[in-house]
Amino acid sequence: MPIRRQRGILTATIVCTAVLLPALGILQFRWIGEVGRAARQQIHSDLERSANAFREDFDEELRGALQPPQGGGPPGSGPQSPYISHAYIAARTPVGFALLELDRETHEMRGLDWPLNLDPIRVALEAGAPLPRDPSIAVEQLPGGPPPGGRGMFEPPPPRAGPRPPTRWRIAILDLDAIRQRLIPQLAKRYFGDGSTWAVRVLRTGEVYFQSSTSADFIHPDLELELLADPAGRGPANRADLGVCLLQIRRQGASLDDVVAATQRRDLLISFSGLGLLGVSSAFLILAARRSEKLAQLRMEFVAGISHELRTPIAVLASAADNLADGIVSPDSVPKYGALIRKEARRLSRMVDDVLTWSGLEHRSKPPNPQTLAVADIVAHSLAACRLEIDQAGCAVETTIPTELPAISGDPAWLEQALRNLIGNACKYGAAGKWLGVSAWQDATSVSISVADRGTGIERKDLARIFEPFYRAKSAMDAQKPGSGIGLSVVRRIAEAHGGTVDVSSAPGQGATFILRLPKESKS
Ligand code: ADP
């Protein structure tokens, strides 16, 4: 694919990723918010449904207990409700109110003395005054008297003005313990499960009447509902006063809102991690694409450069050969021609070596022929191979190789090629200094070989890049120094294949020092 088209696709990918990822992030954020709100609403309406069913059952159970038995008999004459401890009739007599109770054996009403706890009701009935409020006692007028008023349960009916005062009242005393110990736990289990998720509390006149779990935090209940509410929807003026029961539901552990928020946070984290991952992979893909684009560009430059570099020695060789073949070279000039041909042939062969080693190193990460080598020998061989360039550059060579240096393990051809490249560069770019220094030393784990020159040096911006394949500093190209830009990348690959490194220190005008660091040969 042409590079321009490839670049266009890459730019389009970058733009799409940069626009799409944030847009996706915003959409996901909104969507998760909506899903969270919907989930909260759903859970809340399920909770409300269960709480309403609880209330209906509770109300029905207690109202049913207080209903007069079918057929109009007195309370207690029907099947005894498990939640009523006593049921009475208060009947007006000329001398006051008599208290009657059903004798379950004879099925007749028998009179009895007013118990102490009902005395305030008796006094109020006889005086026609408002009945005292007692949440456990339900007082209701029976049909036949004026129409019943009030709530018929915990709230006594208001006194009514009328031509005839009511004559019969039904009094039922609720069994508060049975309600607390049987009715409410049963309903709580039926509608809110075993208590592992929801905790139930019932308040009566503001006091805790029942609580399914002591660990639940009821300061902020998830739902609150009034039990035994006025069927007409009239809320009581003061719940506590009236003994109104309040049902409270609270999620165990965190509140419903906290749970929904935590779920939202988790969903956000998951989706943003996914997006992040997508972003990082896209970034990697883009980087890889850019790299390969750059590499393709470099390869093109390399092909152009290498063809040029090959053409020059080939042209020199061809014209020298022509001259020699045509016999136009005087016998005195033959050695000169020979030296020229040798120089250009070496240049060609070095270039071919570099290209072959470079492409071979692409597929090979270990030296092909590792041997135990003496550093002094490798240095000597490399210097000898570069003798021509050194002489032509007019460089004085200074070598400092201590005799006690330990051996290293490596491929002699590769290591010599690496050193030849460094020495060749020192001659090519450092000729102005007329000096070339090769030294070696050791530290705890490695042996280092440095190749230094006092030439033009390398600019800071080029230092980081000269080991990249095909990279050539602008100054080198401006000075029309021959080269392909792969010499140092070959050195680096050879160093790495031996488990070592190559570094450079240089500044413009101050020469350059390359250090090849190789691990010492292990004793085992
Ligand atoms: P080439 O020499 O064929 O251009 P290299 O990979 O050997 O390729 O070197 C890469 C670049 O590093 C060179 O083009 C040159 O700019 C710079 N360079 C290498 N060695 C030296 C040196 N001794 N002094 C100054 N610059 C150097």
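Numbering of residues begins at 1 and proceeds along the displayed sequence. Both ligands and their constituent atoms are indexed starting at 1 by order of listing. In this text the structure is predicted, and so the values were computed from the model without any measurement.
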Check each of [options] against [atom] and report the one with the nearest heavy atom.
atom                    : options                : answer
atom 17 (C) of ligand 1 : I466, D453, L422, V451 : I466
atom 3 (O) of ligand 1  : S484, G511, G487       : S484
atom 2 (O) of ligand 1  : F467, Y471, Y429       : Y429

Distance from [atom] to nearest protein heavy atom, with residue and atom:
atom                    : result
atom 4 (O) of ligand 1  : R472 NE, 2.5 Å
atom 7 (O) of ligand 1  : N425 ND2, 2.8 Å
atom 26 (N) of ligand 1 : I458 CG1, 3.3 Å

#### Entry: Mode of K428 contact toward ligand 1 - side chain, backbone, both, neither (heavy atoms, under 4.0 Å)
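Answer for K428: side chain.
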### Message
Can you tell me which portion of A473 lies within the under-4.0 Å heavy-atom range of ligand 1? Options are side chain, backbone, both, or neither.
### Response
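The part of A473 near ligand 1 is both the backbone and the side chain.
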Just wondering, more than 12 heavy atoms not from [X] lying within 6.0 Å of its [atom1]?
X    : atom1 : value
E48  : CD    : yes
K189 : NZ    : no
K474 : NZ    : no

### Task
Could you establish whether I486 and ligand 1 come within less than 4.0 Å of each other, counting only heavy atoms on the residue side?
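Judged by the 4.0 Å heavy-atom criterion, I486 does count as contacting ligand 1.
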### Query
Of all the heavy atoms in G455, does at least one lie under 4.0 Å from an atom in ligand 1?
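Per 4.0 Å heavy-atom rule, G455 does not contact ligand 1.
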### Task
For A444 and K520, work out which heavy atoms get closest and say how close.
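It is O-NZ, 3.4 Å.
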Do [X] and [Y] sit within salt-bridge range, that is, some charged N less than 4.0 Å from a carboxylate O?
X    : Y    : value
R350 : D354 : no
R290 : E293 : no
D258 : R251 : no

### Query
Just by modelled atom types, is the I328 backbone N or O under 3.5 Å from a matching donor or acceptor in the D326 side chain?
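It does not hold such a pair.
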### Message
Any nitrogen or oxygen of G485, side chain or backbone, less than 3.5 Å from one on ligand 1?
### Response
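Between G485 and ligand 1 (N or O atoms, distance only) the closest approach is under 3.5 Å.
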### Task
Provide the number and element of each atom of ligand 1 under 4.0 Å from a heavy atom of L488.
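Listed by number with element, the hits are 5 (P), 6 (O), 7 (O), 9 (O), 10 (C), 12 (O), 19 (C).
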### Message
So if I count the atoms of ligand 1 from 1 in the order they appear, which ones are less than 4.0 Å from some heavy atom of G483?
### Response
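Ligand 1 atoms under the 4.0 Å threshold to G483: 3 (O).
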### Message
Are H498 and I494 packed together at the side-chain level, in the sense that at least one heavy-atom pair is separated by less than 4.5 angstrom?
### Response
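Side chain of H498 against side chain of I494, heavy atoms only: contact under 4.5 Å found.
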